[in-house]
Amino acid sequence: MVKNEATHVYLNGRDIGIVEDPAKFVSEIRNARRTGVISGEVNVAHYGKQHYININSDRGRVRKPYVIIENGKSKLTQEIIEKLKNKEINFNYLFRNGIVEYLDAEEEENALVAFEEKDITPKHTHVEVDIASIFGFTVSTSPYPEHNSIARQAMLANFIKQSQGLYAINFNQRFDSRGYLLFYPQVPIVNTVSYRKANIQKHPSGQNLVVALSTYYGYNMQDAVVLNRASVERGVGRSLFYKTYTDEERRYPGGQRDRLKIPPATAEGYMGEHFYSKLSDDGIIEPEMDVEEGDVLIGKVSPPRFLEESMGPSGIEEKVRDDSTVLKTGETGVVDSVMVTESPGATKLVKIRIRSLRVPENGDKFASRHGQKGVTSLIVPPEDMPFTDSGIIPDLLLNPHSVPSRMTFGHLLEELAGKAGSVKGRMIDGTAFAEDGLDRMDAYGKMLEESGFDKYGEEEMYDGITGMKFKARIFTGVAYYNRLYHMVSNKMQVRSRGKVQILTHQPTEGKARQGALRFGEMERDTLIGYGASLLLKERLLDQSDKTNVLVCKQCGNIGYYDHVKRVNVCPIDKSSDFVEVEMSYAFKVLLDEIKSLHIMPRMKVNE
Amino acid sequence: MAKEEKNKFRVQYGEAVGTVAAQSLGEPGTQMILRSFHYAGVESTISTSGLPRIVELVDAKKKPTTPITYIYLDKGIAKSFDKADEMVRKISEVTMNSVVRRVDENFAKGKIRLILSSQEVEAARITTKGVASKISKDFGFETKADGRTIEISVGTRDPKKVRAERVRIMNSIISGIEGAGKVMIRQDEQTKEFYLIASGSDIESIIDIPGVDSTRIITNDVFAVYRLFGVEAARNVIADELAKTLNEQKIGVNRRHLALIADAMTARGNIKGVGRHGLSGEKGSVLARAAYEETVKHLVHAAVYGEIDHMNGVTENVLVGKQVPVGTGTVKLAIKKEDLSKIGKKK
């Protein structure tokens with residue numbers, strides 16, 4: 001390789017030239033940016049090994065502020081910090097005066113960033129504004145991430161996004177296809193600087209629950225969660241589920257169009273009078289109407305799919321097809337709001353929002369802010385729940401086995417902090433790295449002791465069923481829990497017999513189609529391995545796509561029964577000597593498809 | 001009593017042994033780690049192991065990625081390290097490439113100069129002079145050995161020919177047996193007997209060397225064993241290698257399942273893999289073949305040649321919806337009760 005290989009310079013992805021001294025070139029641009037000669041939005045990345053420089057000034061780059069280090073010293077001096085405290089200057093001052101700069105993902109690769117001022121060595125180029133800023137949005141709004149295992153912290157970041165809460169203040173005016181609204185959202189007692197700065201406390205997404213780390217007769221094994229019925233009835237996790245159904249009057253080539261109205265009894269696919277009974281005269285359901293599965297929400301008639309049919313037998317009345325919108329299976333609720341408007345294509349557009357109350361039930365999912373998720377397994381009457389000396393009954397019982405192996409110490413610390421905060425009646429700050437963990441524990445312990453509680457958060461407890469005192473003391477605290485949007489009522493489905501596919505006559509797949517569960521190849525192999533030949537046939541044929549087919553004895557082709565002449569007919573050799581054979585309909589389709597390729601499959605059948 | 005109990009566990013008529021064997025090897029296969037942890041010095045360090053090795057065996061790959069041959073010595077010399085060491089020198093394959101540190105060509109004089117690496121020469125227990133005379137003998141060139149340098153007069157000044165000779169010389173073998181690979185000495189901890197491990201699998205040549213115990217030589221190269229000893233031996237190697245590989249990762253699969261797979265692979269007198277080009281591709285039934293990969297190919301073949309499917313296998317019967325001839329599906333009613341009474345009347 002040539003020693004002084006020319007370095008290409010790319011401006012927003014376009015090659016604009018060559019420089020000979022890339023290091024000098026890059027540092028000049030950076031100096032110009034810091035001194036305000038060029039815009040602070042410019043970022044430069046130098047790829048030394050690949051010999052090119054990327055200069056970016058375009059939109060869409062995520063950037064993050066860093067404090068600049070010059071001559072081994074942070075430019076954010078004590079003097080400037082004092083000025084900031086006295087509000088003589090603000091953050092923009094730091095940016096304009098080259099104390100802080102924003103780096104994008106590419107330029108970050110050229111920077112060596114120290115976590116804190118005491119870590120700075122001559123090699124460092126920048127120092128973090130605050131060490132907690134190494135985290136993204138979701139993690140920095142949750143408490144004590146530094147005390148959790150990284151695997152759990154990654155799960156937490158997903159759960160926060162799935163939590164139900166006050167997702168928008170104007171939820172009442174919106175027609176979201178799905179919306180989840182928590183009844184009594186609370187600001188977490190333990191929150192962080194980022195949480196407060198991001199203003200999430202104005203639309204929180206969880207509740208502070210009294211959590212005891214206790215088993216309950218095996219009901220909270222394997223991440224199951226036991227809830228207090230009194231708490232649920234007082235609003236823990238109670239939420240609304242909104243779902244929007246949409247339909248419009250489409251226009252078709254040839255001047256035909258859909259019509260929103262109650263379909264006439266003559267319409268093709270008419271379901272029967274009582275299904276349309278909840279519609280008003282315009283064919284649209286009224287607000288505040290109770291609806292159940294199968295109820296028609298929007299009555300609509302469409303022109304038939306094929307042209308000839310539209311004439312009708314007499315030619316007077318136009319033949320139509322029922323194309324109404326029906327509430328899906330397994331859903332119930334109340335019509336919350338109806339909107340009639342016009343689509344961009346100038347057709348009539350109707351949106352109907354269904355609301356249904358979702359009280360927590362067995363099978364609903366809850367999670368704390370430490371990746372500790374669980375599914376409700378039992379909702380216990382308050383009198384059967386364990387209670388403390390002072391008569392406190394926990395809202396939720398978390399199995400103590402879920403903590404040690406997952407290494408979510410942050411959960412325990414949050415419970416302790418939450419308890420201390422509740423007792424003292426104030427918020428607790430749980431920002432990452434803000435304090436030493438042990439110091440925090442001591443501080444919360446002290447607050448608890450001042451109010452007469454155990455400093456480690458443990459409580460003497462009694463079994464609600466027997467009234468006996470537990471031998472062990474039970475760790476009890478207040479933790480912030482989210483109700484996640486995975487709820488059984490939206491997921492469960494049953495089928496014993498039902499719809500089949502047209503092509504194969506096999507059962508349909510998926511919840512939306514009332515489908516069955518697939519008995520797949522590997523399941524098939526288990527029955528073969530066991531030798532259960534007849535059970536296999538029952539699963540794969542009798543309970544699936546069994547058909548009876550007439551096979552011609554002479555030519556081995558499939559024949560049919562002529563209902564007029566009342567004889568069996570073979571389309572090939574016109575004989576009527578047949579055997580009735582039981583086979584899979586899918587196999588019959590295969591034979592038909594092979595025939596369509598001009599190949600003649602023949603079946604030799606024994607009597 | 002014990003005998004009755006034992007009989008319960010024997011394979012019964014109609015039992016789907018093949019499916020069970022496939023499941024028994026397939027399920028632990030999903031748990032195998034692709035790159036397993038090796039202990040230093042153990043031979044597994046040099047051989048492929050885990051899932052890649054299983055795939056290699058089951059697919060009947062012509063040449064294993066890492067062939068290994070275990071060479072046991074005749075009883076008389078097996079306990080002597082010196083004798084074993086001598087055997088290593090006889091067998092271990094040393095190529096010119098591995099000992100030469102540097103090659104210079106002089107096209108003007110038609111000469112090639114080789115500089116040998118002292119380290120490699122000593123390790124291979126050869127001398128510069130020995131190498132030089134070997135070249136003279138094999139190629140008929142005039143050679144001059146000096147220190148670690150050998151000068152070869154190729155006898156031509158045509159650069160193309162000089163270069164061609166260089167390649168020939170560099171690829172030649174100085175000592176040992178071609179295809180034997182590097183050979184190492186190991187000692188059996190129990191019998192204190194020395195044996196050799198070669199990283200090649202040319203057992204056909206190795207077995208004839210005096211001092212090698214021809215009754216105990218064994219390799220992991222299935223096809224080498226097949227060529228020398230026949231299918232029966234190859235079958236055993238397949239089953240043994242499968243068992244050994246699974247054992248390394250502490251996966252317990254009953255030997256009978258592995259033996260059945262090996263049997264199926266070798267049942268036709270040669271070695272066939274289990275995939276599309278082997279067992280599955282040679283099934284008797286058109287429908288069964290079409291159901292597994294390359295559907296169109298088999299249907300077209302059946303159409304062109306007018307194949308008949310006798311519906312004797314499992315897959316094709318599942319496909320059409322017939323009772324599968326396995327387990328409870330193997331037994332049929334020999335005679336109906338009514339017919340039985342008819343026979344009685346005749347007599």
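Here is the naming used below: chain letters follow the sequence lines, and residue numbers restart at 1 for every chain.
Here B/T315 contributes atom OG1 and A/E521 contributes atom CD; the two are 8.5 Å apart, rounded to the nearest 0.5 Å. Here CD of A/E582 is found 10.5 Å from CD of B/Q323. Values are rounded to the nearest 0.5 Å. Here B/D309 contributes atom CG and A/M603 contributes atom CE; the two are 12.5 Å apart, rounded to the nearest 0.5 Å. One finds the CG atom of A/L534 at 4.5 Å from the OG1 atom of B/T328 (value rounded to the nearest 0.5 Å).
At most 12 non-hydrogen atoms from other residues, nucleotides or ligands lie less than 6.0 angstrom from CE of A/M221. Counting non-hydrogen atoms of other residues, nucleotides and ligands closer than 6.0 Å to CZ of B/R166 gives a total above 12. For A/K604, the NZ atom sits in a loose shell: 12 or fewer heavy atoms of surrounding residues, nucleotides or ligands are nearer than 6.0 Å. For A/E509, the CD atom sits in a loose shell: 12 or fewer heavy atoms of surrounding residues, nucleotides or ligands are nearer than 6.0 Å. For A/I502, the CD1 atom is loosely surrounded, since the number of other residues' heavy atoms within 6.0 Å does not exceed 12. Atom CZ of A/R406 has more than 12 neighbouring heavy atoms from other residues, nucleotides or ligands inside a 6.0 Å radius. Surrounding CD of A/Q50 are more than 12 heavy atoms belonging to other residues, nucleotides or ligands, all under 6.0 Å away. Around atom OH of A/Y219, no more than 12 heavy atoms belonging to other residues, nucleotides or ligands sit under 6.0 Å away.
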Trace of the side chain to side chain contact (heavy atoms under 4.5 Å, CB included) decision for A/Y530 with B/V20: CA-CA 8 Å; A/Y530 187 66; B/V20 175; over 6 Å; no
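None of B/N317, B/V314, B/V318 except one satisfies the side-chain contact (heavy atoms from CB on, under 4.5 Å) rule with A/L536; the exception is B/V318.
Looking at A/A532, only its backbone comes within 4.5 Å of chain B, counting heavy atoms on both sides. In this structure, chain B has no heavy atom under 4.5 Å from any part of A/R602. For chain B, no part of A/K588 is nearby; none of its heavy atoms comes within less than 4.5 Å. Only the side chain of A/L590 has a heavy atom closer than 4.5 Å to any heavy atom of chain B.
The candidate with the highest count of non-hydrogen atom pairs below 4.5 Å against chain A, out of B/V320, B/V324, B/V326, is B/V320.
The two residues A/G529 and B/A16 make their nearest non-hydrogen contact at CA-CB, 4.1 Å. A pairwise comparison of heavy atoms in A/F587 and B/L319 identifies CB-O, 3.8 Å as the closest pair.
Side-chain contact between A/T526 and B/Q23 is present, with heavy atoms from C-beta onward closer than 4.5 Å.
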